[in-house]
K.L.:
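Got a structure for you, written out below as structure tokens; questions coming shortly.
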Amino acid sequence: FPSHDNDTKTYGSTGAFPVSFTINTNQNCPAVFQDTVLVNPFPVINSITAADVCQGTPSNFIQNSSVPPVNGSVVNAYQWNFGGGNTSTQSNPSFSYSNPGTYVVNLTVSTNYGCSTSSSGQAIVNPNPVISSMVVGDVCLGNSSSFSATAFVSPANGSVLSGSNWNLGDGNQTAQTNFSHTYANAGQYTTTLTFTSNNGCSSSQTFTTHVNPNPVISSASVITVCQEAFSPFTSSASVQNINGAVISGYQWDFGDGNQGTGSNPNHVYTNYGNYAWSVLVTTNHGCSDVFNGNTTVLPKPQALFTLADHCRGTLMPIINNSSIGSGSIVSTQWTTSNGMSSTMQVPSLYFQNAGNYAVTLILTSGLGCKDTLTQNVVVTDLINSNFSPYLLTTNTVHFLPDTLDPYLNYFWDFGDGTYSYDINPQKLFFFPGLYTVCLTITDNGCSSTTCNQVQLNVAGGLDLAENRKTSILS
């Protein structure tokens, strides 16, 4: 060493070096101090590695560092700096980056003698694909389920979508993202869609699709009935208790332009003939089954007759306009409320007493269909239409009926071609002679007529001894 009190020395190698320091006086009395200088090696960072990872996956850092064992040197401290104030003192730490990208990582390695070395490495975090939409439709068994999905990936580190896989939950899978698939059985199916990038990163999303059961109509029927009668429709249907399925409605089409609901409705066909009907059974999921059938509606006789009010003791005025659209009427039965009956098409019935009566007609066809019609009739008592003539002047006669009622209709025929509608008219005869004078009184369609012969004398006056009375009922 140079002869200085304080000095420095740079050693070109590591090791333990003996050092002596001699102090000499002016009397040449030396003093010697001896020591050993240790020159320690720096650690060496041979490598810093981290495998490429996908977003959300920790980066595992592996460092390879060493130090020559000179003077017992060993590496005993690590200081990692991941950026953003994130550090670690582990030898091989893990760290998760929030976002994709390429990150610079610094490492400082120190020995037990405080010697340190720094180096840097990088971590590559690749983006995961993002599934932006995923649609799976619920369907009824037998129909195709529609699947569709879209996805994208950030272009960081050159990432692009490279593939997809859709697990359909029934043992089938596909690489398609827009397609249809038909499931063999009803139930719930968990489908999983996975998109993969060229850097091996992937994202998955799960969706449950429901394949709902269809109802099953085991039977539906209607009995043959006559026209205008109730047709009782019946049906039996069920559905599997899958996905909470229940039968929610019945929709009937009776084939005549009319519809109905319910499992067992009644319907009246107004016309006879053959009808094609159907019933549609639906569930709360909108799944359905349909049953088609045919029924024959038999023609029914149409009872129709007109009946006028009339006088007692006269033939009941009936006009029978009954008919049947097809086939024949094999039975005609008339009855009245006073116990009369007839099987004639137009009966000959007489009411002996005045009053209100019900007349009923029952028709039966060759196929056993029936129709009944009841109408009321008023039978009026006979009116006394007799009258008496009274001479007022030489040729003027006053006619006075035995029945005076302003609510009755009067018609006088004086036998000389003249008439009157008065109740008690006065008649001037211009010539003597024998006249047949008739009075007709009408009440509710019932008429009574009386005709009297009136002899008018030459000198004027009535020949009462020659008057003749004749009553005519109509």
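When reading the values below, keep in mind they use all heavy atoms of this one structure, side chains included, and skip hydrogens, waters and symmetry mates. Numbering of residues begins at 1 and proceeds along the displayed sequence.
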K.L.:
So, Ser322 and Asn320: side-chain donor and acceptor under 3.5 Å apart, yes or no?
P.N.:
yes
K.L.:
Among all residues two or more places apart in sequence or in another chain, which pass the side chain to side chain donor-acceptor pair (under 3.5 Å) test with Asn214?
P.N.:
none
K.L.:
For Thr194, what residues pass the side chain to side chain donor-acceptor pair (under 3.5 Å) criterion, not counting sequence neighbours?
P.N.:
Ser204
K.L.:
Is the closest side-chain donor-acceptor distance between Ser162 and Thr196 under 3.5 Å?
P.N.:
no
K.L.:
Less than 4.5 Å apart, side chain to side chain, heavy atoms only: is that true for Asn212 and Val139?
P.N.:
no
K.L.:
Could you go through the side-chain contact (heavy atoms from CB on, under 4.5 Å) check for Thr174 and His181 one step at a time?
P.N.:
CA-CA 10 Å; Thr174 180; His181 177 67; over 6 Å; no
K.L.:
May I ask you to test the Tyr183-Thr209 pair for a side-chain heavy-atom distance under 4.5 Å?
P.N.:
yes
K.L.:
Does Tyr269 reach the main-chain N or O of Phe254 with its side chain, forming a donor-acceptor pair under 3.5 Å?
P.N.:
yes
K.L.:
Should Phe179 and Leu168 be marked as a side-chain contact (heavy atoms from CB on, under 4.5 Å) after you check the CA-CA gap, both sets of side-chain angles, and the distance that decides it?
P.N.:
CA-CA 11 Å; Phe179 62 96; Leu168 304 179; 3.7 Å; yes
K.L.:
Whether the side chain of Ser365 engages the backbone of Pro301 through a donor-acceptor N/O pair (distance < 3.5 Å, no angle test) should be reported.
P.N.:
no
K.L.:
I'd like to know if the side chain of Trp334 reaches the main chain of Val359, judged simply by a donor and an acceptor atom lying under 3.5 Å from each other, with no hydrogens or angles considered.
P.N.:
no
K.L.:
Between Thr208 (side chain) and Thr190 (backbone), is there a donor-acceptor pair under 3.5 Å?
P.N.:
no
K.L.:
Quick check: does any side chain N or O of Asn271 sit under 3.5 Å from a backbone N or O of Asp256, one acting as donor and the other as acceptor?
P.N.:
no
K.L.:
Could you check whether atom CZ of Phe230 has more than 12 heavy atoms from other residues, nucleotides or ligands sitting under 6.0 Å from it?
P.N.:
no
K.L.:
Applying side chain to side chain donor-acceptor pair (under 3.5 Å) between Lys427 and each of Asp416, Asn395, Thr396, report the one that passes.
P.N.:
Asp416
K.L.:
Decide yes or no for Pro93 and Phe61: does some side-chain heavy atom of the first lie under 4.5 Å from some side-chain heavy atom of the second?
P.N.:
yes
K.L.:
Assess the pair Tyr421 and Tyr419: is the distance between their ring centroids shorter than 6.0 Å?
P.N.:
no
K.L.:
I would like to know whether Asn376 and Asn356 meet side-chain contact (heavy atoms from CB on, under 4.5 Å); could you show each step before the answer?
P.N.:
CA-CA 7 Å; Asn376 293 321; Asn356 294 325; over 6 Å; no
K.L.:
Is the backbone N or O of Phe387 less than 3.5 Å from a side-chain atom of Asn452, with the two atoms forming a donor-acceptor pair by type?
P.N.:
yes
K.L.:
For the side chain of Ser448 and the backbone of Asn384, is there at least one donor-acceptor N/O pair under 3.5 Å apart?
P.N.:
no
K.L.:
Verify the distance criterion only: is there a donor paired with an acceptor across the side chains of Asn264 and Thr234 at less than 3.5 Å?
P.N.:
no
K.L.:
Flag yes if more than 12 heavy atoms outside Gln333 fall under 6.0 Å of its CD atom; otherwise flag no.
P.N.:
yes
K.L.:
Looking only at non-hydrogen atoms, find the nearest pair between Ala156 and Asn199 and report the distance.
P.N.:
O-ND2, 4.4 Å
K.L.:
Look at atom CD of Gln345 and say whether more than 12 heavy atoms of other residues, nucleotides or ligands are closer to it than 6.0 Å.
P.N.:
no
K.L.:
Side-chain contact, heavy-atom cut-off 4.5 Å: Leu315 with Tyr350?
P.N.:
yes
K.L.:
State, with a plain yes or no, whether a side-chain heavy atom of Phe291 is found less than 4.5 Å away from one of Val281.
P.N.:
no
K.L.:
Do the non-hydrogen side-chain atoms of Thr442 and Phe411 ever get within less than 4.5 Å of each other?
P.N.:
no
K.L.:
What are the two closest non-hydrogen atoms of Pro213 and Ile242, and how far apart are they?
P.N.:
CD-O, 3.6 Å
K.L.:
Working note: Val330 + Ser328, criterion side-chain contact (heavy atoms from CB on, under 4.5 Å); need CA distance, chi angles, decisive distance, verdict.
P.N.:
CA-CA 6 Å; Val330 298; Ser328 61; 3.8 Å; yes
K.L.:
Within the 3.5 Å criterion, strictly below it, is a donor on Ser144 or Thr182 matched to an acceptor on the partner's side chain?
P.N.:
yes
K.L.:
Can you tell me if CG on Leu404 sees more than 12 non-hydrogen neighbours from other groups inside 6.0 Å?
P.N.:
yes
K.L.:
Going by atom types alone, do Thr296 and Thr224 pair a side-chain donor with an acceptor below 3.5 Å?
P.N.:
no
K.L.:
Compute the centroid of each ring, for Trp80 and then for Phe95, and state whether the two points are separated by less than 6.0 Å.
P.N.:
no
K.L.:
Determine yes or no for a side-chain-to-main-chain donor-acceptor pair under 3.5 angstrom, with Asp422 supplying the side chain and Asn424 the backbone.
P.N.:
no
K.L.:
Spell out, as yes or no, whether a donor-acceptor pair under 3.5 Å connects the side chain of Gln302 to the backbone of Lys300.
P.N.:
yes
